[in-house]
Amino acid sequence: TRSLRTPNSWPVAALSGLCFSAMAASWGGYLFASNVIAAHCGICLLFDFDFGILYKAYSTFFVVGMSLACKVPVVSYAPFKTLEQLPPLGLFLLMQVLAIVRQIRRRKLRLGGIAGEYIFGAVGIGAIAVLYPLADFAPLSGRVHAILGATAQKTGNPLVDSVSEHRPTSEDAYLKYLHYAGYLGYAGFSVLIVAAAPKFPSMASLFALLLGVATRLFSMRMSRLLILMGPSTSVLAGVALGWSFHQLLSAPGRRLLFGGSLPEGKLMRLFHSWPVCLIKVVAFGALLLPFRDYCDEFYNDSKKLVRSMSHPQIMSKKGGKIIDDIREAYFWLQANTAPDARILSWWDYGYQISGIANRTTLADGNTWNMEHIGLIGRALTSPLSEGHIIARHLADYVLVWNKDVGKSSHMARIANSVFPGHCQEKTCDQYGTFRDGTPTRMMRESLIWNLIRDRSPEFGHLYQPVFENDKVRIARILNIDEESKAWAGNPANYLCDAPGSWYCPGQYPPKLRQVMGWEQSEDNDEAARHLEAYEERVERQRTEAPPPHADDIPEGSYRNSCQGCRREGADRKILSCHGCKAPGHSSMASRLDLGTCSGRTVDNIKGELQCHPLPNAPNIPPGGYANSCLGCSISDKGGDKLICTHCSTADGARQRSSIRWSSCNSGRIDNNNGNLVCLDSPNAPDIPPGGYQGSCSGCSVHRKTTTKEEGGGEAILRCEFCSAANGAQAPSEIRLSQCPAPGKLQNNDGTLTCERR
């Protein structure tokens with residue numbers, strides 16, 4: 001915006017272009033920067049700001065920035081070929097057209113009685129109509145789809161969906177990373193809007209507002225984009241602080257020291273009067289003391305955050321013991337493998353392997369080649385012999401973390417998106433574990449499972465375990481193809497963008513291309529065996545695929561998440577499904593006796609067929625539980641018990657729960673992870689002290705007599721609702737004589753106990 005300040009400020013845009021090119025060389029956020037600048041310039045054009053200033057500044061920025069950015073090998077001509085980078089180019093071309101039209105109008109050029117700008121416009125539109133179909137524009141990237149789609153973690157691209165940083169940003173994250181500056185940013189945003197009223201904001205103010213809105217919206221979509229909030233928050237927080245300084249000290253201070261004429265209007269004259277100015281200055285001084293404390297807290301928290309983010313840890317501490325397994329594995333690689341050793345691992349660990357172990361890795365966090373990531377996923381999730389044929393041409397060792405068993409379902413889905421048929425359907429449901437933790441056949445046969453969990457006899461013929469601890473497994477790939485290794489390591493086979501360039505992507509060796517079917521070879525027996533094994537597996541998976549639903553199955557939500565459902569039994573009252581999906585697990589077969597449903601529909605609850613619960617009775621007490629519990633009614637016996645047959649749990653299951661609602665004096669009944677609980681039921685004022693008060697409610701002390709002649713009786717503490725570890729509540733009582741001083745009354749998993757010291 002500095003280049004837009006005056007008609008002679010436009011050369012500053014060259015510095016902006018230089019900074020933009022440096023950004024393009026170091027980080028992908030240059031896409032965001034170029035589009036925000038283009039959007040700002042476009043809005044300024046729509047609202048008729050000075051075209052001459054905008055034209056010179058934006059054209060200078062675009063020419064300098066893009067020409068230098070295109071020199072970065074990984075960027076190249078992407079700004080002119082990808083859809084997400086076309087808006088800046090389109091605006092640049094539009095501004096050139098507008099500049100030419102203005103020149104034509106200024107010189108009043110005419111041809112055959114027709115104004116020159118109309119002729120130019122017609123020629124331009126015709127040229128665009130002819131050239132656009134011939135252009136080869138790349139589609140929107142997966143990350144852009146994630147930002148613009150319905151949800152950033154359900155884009156349809158399994159590689160993008162597998163990245164945890166693509167989840168929406170929580171409000172706690174804004175407070176953690178922006179601290180008090182985030183609140184000041186909102187204040188600065190409001191100041192810019194109010195200060196501009198009733199006029200339109202200036203070009204500088206408009207850019208700050210646009211940047212604030214864009215960064216907030218994008219960061220809400222994807223947690224990794226929270227970093228974009230840094231510049232906008234700094235600008236807007238500075239606006240808020242500057243405005244406060246001006247209103248409370250600078251302006252009133254000058255008024256008190258030098259006087260001056262008062263503005264028009266009774267209210268404005270009062271606002272700038274001597275007493276009010278004095279009050280402002282005093283208020284500013286009073287605010288400085290707490291403001292300093294806030295600044296110290298902000299500074300200290302920022303230092304801690306910088307230290308934690310700039311020093312990522314692969315070591316942890318648990319129970320006073322340092323967990324050093326990951327570093328040990330990387331140091332083992334460095335000390336016990338050849339310098340030219342290649343490590344096959346998932347891309348999450350690529351930077352650590354290359355940076356700590358100093359060994360070549362096949363992929364890292366900057367590898368967004370979908371086909372290559374898919375090939376690695378296929379090697380790790382294919383049956384042992386099939387995956388080994390791929391691995392022996394790619395690497396010397398394979399490294400996996402124990403947690404890779406859980407994330408390997410992502411590997412299988414990514415592999416299947418690149419190599420259709422790797423799984424029988426796109427979600428790779430047959431690759432994973434069942435609810436009881438046992439693996440499916442496809443997972444049990446994979447390299448991931450054999451290296452981490454149970455090793456088959458075949459594993460020892462293909463891989464040799466060389467390192468193992470609680471977190472990491474490393475195995476040497478036996479019988480590697482030395483010819484492929486030599487070919488891939490030969491610089492003559494690199495695809496450098498220019499002689500002597502640092503950007504030199506490698507190529508797959510010819511034998512691997514033949515194995516994958518990308519090249520034909522009549523005398524490569526290994527490629528023929530691999531293709532035969534792959535086609536045999538694909539055909540087996542096709543025949544094992546569940547059949548379609550039978551026509552006579554009952555209605556219910558299970559139809560969308562279960563497969564191959566049909567009626568069985570002599571009376572056709574058994575509903576049997578080939579597989580029902582459960583969150584985080586593979587589908588399992590499930591059966592249900594329809595006679596127990598009494599005509600109700602059927603649901604799939606965590607992979608289990610269940611009758612849809614009855615609706616809640618009309619006479620149940622109010623409470624938040626009614627939103628997540630069904631089948632709720634008041635017990636016929638005594639009428640003091642609330643029973644719900646289906647209360648939802650945090651993991652999507654349903655369970656039966658009950659509570660003595662008549663004892664809940666607060667009247668606030670809710671569902672806590674499938675358990676009916678009473679919230680904030682008051683305790684009697686005379687109950688003894690103890691830690692139990694934090695998790696028990698409805699507590700009181702009463703006397704229990706043992707004989708008719710006994711006048712007083714023994715004091716007993718009774719609590720109607722004591723919380724247990726599973727989230728449920730239960731009544732509990734204890735004789736106070738069992739806990740004399742210095743004993744402390746505590747709640748131990750829903751039971752009142754005495755803690756003796």
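Since the model is a prediction, treat every value here as computed from it, not as a measurement.
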Please tell me if the side chains of [X] and [Y] come closer than 4.5 Å, counting only heavy atoms from C-beta onward.
X: M443; Y: T433; answer: yes
X: L192; Y: L206; answer: no
X: M203; Y: R5; answer: no
X: L89; Y: F62; answer: yes
X: V12; Y: L4; answer: no
X: L68; Y: F20; answer: no
X: L394; Y: L375; answer: yes
X: N416; Y: K426; answer: yes

For the pair [X] (side chain) and [Y] (backbone), establish whether a donor and an acceptor sit closer than 3.5 Å, ignoring hydrogens and angles.
X: S408; Y: M411; answer: no
X: N671; Y: S648; answer: yes
X: S205; Y: P201; answer: no
X: D429; Y: S587; answer: yes
X: R342; Y: Y397; answer: no

Nearest heavy atoms of [X] and [Y], plus distance in Å:
X: T215; Y: G212; value: OG1-O, 3.1 Å
X: G727; Y: N672; value: O-ND2, 3.2 Å
X: T60; Y: A13; value: CB-CB, 4.0 Å
X: P88; Y: N35; value: CD-OD1, 3.6 Å
X: Q430; Y: E425; value: OE1-OE2, 3.7 Å
X: L344; Y: A391; value: CD2-CB, 4.0 Å

Can a salt bridge be assigned to the pair D348 and K407 using a cut-off of 4.0 Å between side-chain N and carboxylate O?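 A salt bridge links D348 with K407.
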Whether K606 and D651 form a salt bridge (side-chain N of Lys/Arg under 4.0 Å from carboxylate O of Asp/Glu) is what I want to check.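 Yes, D651 and K606 are salt-bridged.
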For atom [atom1] of [X], is the number of surrounding heavy atoms from other residues, nucleotides or ligands below 6.0 Å larger than 12?
X: Y183; atom1: OH; value: no
X: I227; atom1: CD1; value: no
X: F291; atom1: CZ; value: no
X: Y351; atom1: OH; value: yes
X: L495; atom1: CG; value: yes
X: D470; atom1: CG; value: no

Under a plain distance cut-off of 3.5 Å, with no hydrogens placed, do [Y] and [X] share a side-chain donor-acceptor pair?
X: S9; Y: R2; answer: yes
X: N673; Y: T649; answer: no
X: Q96; Y: S59; answer: yes

Value rounded to 0.5 Å, distance of [atom1] in [X] from [atom2] in [Y]:
X: F419; Y: R378; atom1: CZ; atom2: CZ; answer: 5.5 Å
X: F298; Y: L184; atom1: CZ; atom2: CG; answer: 8.5 Å
X: T360; Y: I353; atom1: OG1; atom2: CD1; answer: 10.5 Å
X: L211; Y: F207; atom1: CG; atom2: CZ; answer: 5.0 Å
X: S244; Y: L287; atom1: OG; atom2: CG; answer: 9.0 Å
X: L54; Y: F49; atom1: CG; atom2: CZ; answer: 8.5 Å

Please determine whether side chain to side chain donor-acceptor pair (under 3.5 Å) holds for the pair S586 and Y431, giving the CA-CA distance in whole Å, both sets of side-chain angles, and the decisive distance to 0.1 Å. CA-CA 7 Å; S586 295; Y431 184 96; over 6 Å; no
Stepwise side chain to side chain donor-acceptor pair (under 3.5 Å) test for S417 and H422: CA-CA 9 Å; S417 67; H422 179 63; over 6 Å; no
When you look at M95 and L45, which way does the side-chain contact (heavy atoms from CB on, under 4.5 Å) test go after all the steps? CA-CA 9 Å; M95 295 190 76; L45 284 177; 4.1 Å; yes
Indicate, with yes or no, if the rings of Y180 and Y294 have centres closer together than 6.0 Å.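 Judged by ring-centre distance (under 6.0 Å), Y180 and Y294 do meet the cut-off.
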Is there a side-chain contact (heavy atoms from CB on, under 4.5 Å) between L362 and H372 once you walk through the steps? CA-CA 9 Å; L362 301 185; H372 184 61; 4.1 Å; yes
Let's go through R473 and L399 carefully: what are the C-alpha distance in whole Å and the side-chain angles of both, what is the deciding distance for side-chain contact (heavy atoms from CB on, under 4.5 Å) to 0.1 Å, and is it a yes or a no? CA-CA 6 Å; R473 303 284 193 275; L399 179 147; over 6 Å; no
Classify the ring geometry between F51 and Y55 as parallel (under 30°), tilted (30 to 60°) or perpendicular (over 60°).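 It falls in the parallel class, under 30°.
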Which of Y330, W346, Y349 passes ring-ring contact (aromatic ring centres under 6.0 Å, His included) with W401? It is Y349
N604/S557 under side-chain contact (heavy atoms from CB on, under 4.5 Å): CA gap, chis, key distance, verdict: CA-CA 7 Å; N604 170 26; S557 62; 5.7 Å; no
Does NZ or CZ of R216 come closer than 6.0 Å to the centre of the six-membered ring of Y174, within 45° of the ring's axis? yes
